[in-house]
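Working notes, beginning with the structure itself.
Every chain is numbered from 1, with letters handed out A, B, ... down the list of sequences. The structure displayed is predicted, hence computed values, not measured ones.
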Protein chains: 2
Amino acid sequence: MTNPPFNSAPRSVQEQVRQFESVRTAHQSEMVEDYVELIADLIHLTGSARPKDIAERFGVAQPTVTKNLARLKREKLILHEPYRSIQLTEEGRQLASSCRKRHRTVVEFLIALGISPSVAEHDAEGIEHHVSDETLRVFRAFTHDKKP
Amino acid sequence: MTNPPFNSAPRSVQEQVRQFESVRTAHQSEMVEDYVELIADLIHLTGSARPKDIAERFGVAQPTVTKNLARLKREKLILHEPYRSIQLTEEGRQLASSCRKRHRTVVEFLIALGISPSVAEHDAEGIEHHVSDETLRVFRAFTHDKKP
DNA sequence: ACTCAAAGTTAGCTTTGGCTAAATTACTTA
DNA sequence: TAAGTAATTTAGCCAAAGCTAACTTTGAGT
């Protein structure tokens, strides 16, 4: 109940710097990960991932999607020629798959903790990009123990 | 162990849109929250929060700090005249305090879960901006139960 | 009281990810 | 098969948050 009002154990400045840098780095990959995951979903669900649908899901204008797809293509995660359909590359598929696993791990963990499914889904969306491998392992173990 | 390979329960599109929007919104307040919290820390630790020190802690160039302080001032979270010292407003102090509480809640929860302190500290930095009140309450309850 | 180094700011550039409006392409259907 | 509509892209704008280089101010130490 009684938290010390200020950071009492000031880990080294370098360590803190590394943390902030890694948060900034994570932000740069968030967009890519969210897109690849949604594209995989849409292909699975409807047979194709159209910019229109991507825009609608993200709540964003279509030209924004076009612009971001260029980045995915630059990073060799999708195949995409103007006006043609979007395909994931092998690398894109793998990234999508690991993102989805991570997403589910976080959601299931939060639910196992007792958080309502809709809030779990919501919070997972923001949290998933910032969870280290160690934390992910602990999440999985916890969920597994809770409902064997 | 056997996760469905795709999102099986496709919550409504609107709900998903709201989630992505709220993640984008959270990103916009992250900087503000991190700054206010660090400024409070520095004032407490050293008596003042100098742009130099803020830059060093965040691993960022000084002019970046100057620019961001302008935003904090615009949002009435700090008092700051050029070349003069930085003060938190009442609103700034309150924001700093609630951010710090939230940060500690997340760190302590992760540690209670069994995650190593340094990784807990690291992950919390990214996670803290994306946890809802409901999740925060559950985190607190869990930590409290673990070590009474 | 002056000087000068350190701190802080300004100017101006870059990238990222939003947007709208306008142009282009593809597809359907009459 | 030709036209019209819907989808997509292009062009060009904005704001945020990073950077370097150059300038200004402060204040500490002779």
Side-chain angles (χ1 to χ4, degrees), chain A residues 13 17-39 42-43 46-75 77-87 125-126 129, chain B residues 13 17-39 42-43 46-75 77-87 125-126 129:
Chain A
V13 171
V17 166
R18 245 175 278 123
Q19 280 171 22
F20 284 117
E21 274 165 357
S22 112
V23 172
R24 285 196 295 270
T25 303
H27 283 167
Q28 295 193 326
S29 31
E30 279 186 35
M31 186 237 96
V32 161
E33 295 178 353
D34 287 341
Y35 269 63
V36 157
E37 188 176 344
L38 178 57
I39 289 169
L42 285 172
I43 290 176
T46 72
S48 72
R50 297 149 73 220
K52 168 93 184 307
D53 299 326
I54 299 173
E56 190 185 339
R57 293 294 193 113
F58 283 136
V60 127
Q62 273 197 48
T64 301
V65 171
T66 299
K67 191 173 290 191
N68 289 337
L69 289 177
R71 178 167 163 204
L72 297 208
K73 188 179 174 185
R74 208 185 327 129
E75 299 189 7
L77 296 167
I78 61 172
L79 302 172
H80 182 223
E81 295 311 313
Y83 298 101
R84 315 264 80 184
S85 73
I86 299 165
Q87 302 297 325
E125 200 57 66
H129 303 284
Chain B
V13 171
V17 166
R18 246 175 278 124
Q19 281 171 23
F20 284 117
E21 274 166 358
S22 112
V23 172
R24 286 196 294 270
T25 303
H27 283 167
Q28 295 193 327
S29 31
E30 279 187 36
M31 186 237 96
V32 161
E33 294 178 354
D34 287 341
Y35 269 62
V36 158
E37 189 176 344
L38 178 57
I39 289 169
L42 285 172
I43 290 177
T46 72
S48 73
R50 296 149 75 221
K52 169 91 182 309
D53 298 326
I54 299 173
E56 189 184 338
R57 292 294 191 114
F58 283 136
V60 126
Q62 271 198 50
T64 301
V65 171
T66 299
K67 191 173 290 190
N68 290 338
L69 289 177
R71 179 169 162 202
L72 296 209
K73 188 180 174 184
R74 208 185 326 130
E75 299 189 7
L77 297 167
I78 61 171
L79 302 172
H80 182 221
E81 295 312 312
Y83 299 102
R84 316 267 71 186
S85 74
I86 299 165
Q87 302 296 325
E125 199 58 65
H129 303 283

Measure the distance from [atom1] on [X] to [atom2] on [N] and round it to the nearest whole Å.
| X | N | atom1 | atom2 | value |
| --- | --- | --- | --- | --- |
| A:K67 | D:dT8 | NZ | P | 18 Å |
| A:K52 | C:dA26 | NZ | C1' | 15 Å |
| A:Y35 | C:dT16 | OH | P | 14 Å |
| B:R84 | D:dT26 | CZ | C1' | 8 Å |
| B:Q28 | D:dA17 | CD | P | 8 Å |
| A:D34 | C:dG17 | CG | P | 11 Å |
| B:R50 | C:dT9 | CZ | P | 12 Å |
| A:E33 | C:dG17 | CD | P | 12 Å |

message: Could you check whether any side-chain N or O of B:S29 sits under 3.5 Å from a backbone N or O of B:A26, counting only pairs where one atom can act as donor and the other as acceptor?
response: yes

Does [N] have OP1 or OP2 under 4.0 Å away from a side-chain N or O of [X]?
| X | N | result |
| --- | --- | --- |
| A:T66 | D:dT9 | yes |
| B:H80 | C:dT9 | yes |
| B:T64 | D:dA17 | no |

- request: For A:E81 and for A:R24, find the nucleotide of DNA chain D with the closest heavy atom, then tell me which residue's nucleotide is more 5'.
  value: A:E81

Heavy atoms from C-beta onward define the side chain here; which of [options] lies closest to that of [X]?
| X | options | answer |
| --- | --- | --- |
| A:R71 | D:dC19, C:dT16, D:dA16 | C:dT16 |
| A:P63 | D:dT20, D:dA11, D:dT26 | D:dA11 |
| B:R74 | D:dA16, C:dA7, C:dT20 | D:dA16 |

Verdict with reasoning, A:D34 to B:V23, per side-chain contact (heavy atoms from CB on, under 4.5 Å): CA-CA 11 Å; A:D34 287 341; B:V23 172; 5.9 Å; no

task: Could you label the plane-to-plane angle of the A:H27 and B:H27 rings as parallel, tilted or perpendicular, counting under 30° as parallel and over 60° as perpendicular?
output: tilted

message: Strictly below 4.0 Å, N to O, side chains only: are B:E56 and B:R50 in salt-bridge contact?
response: no

- prompt: Is the shortest side-chain N to carboxylate O distance from A:R71 to A:E75 below 4.0 Å?
  reply: yes

- request: Name the nucleic acid region contacted by A:V65, choosing base, sugar-phosphate or nothing; use a 4.0 angstrom heavy-atom cut-off, strictly under.
  value: nothing

query: Would you say the side chain of A:Y83 and the base of C:dT24 hold a donor-acceptor pair, judged only by whether the two atoms sit under 3.5 Å apart?
result: yes

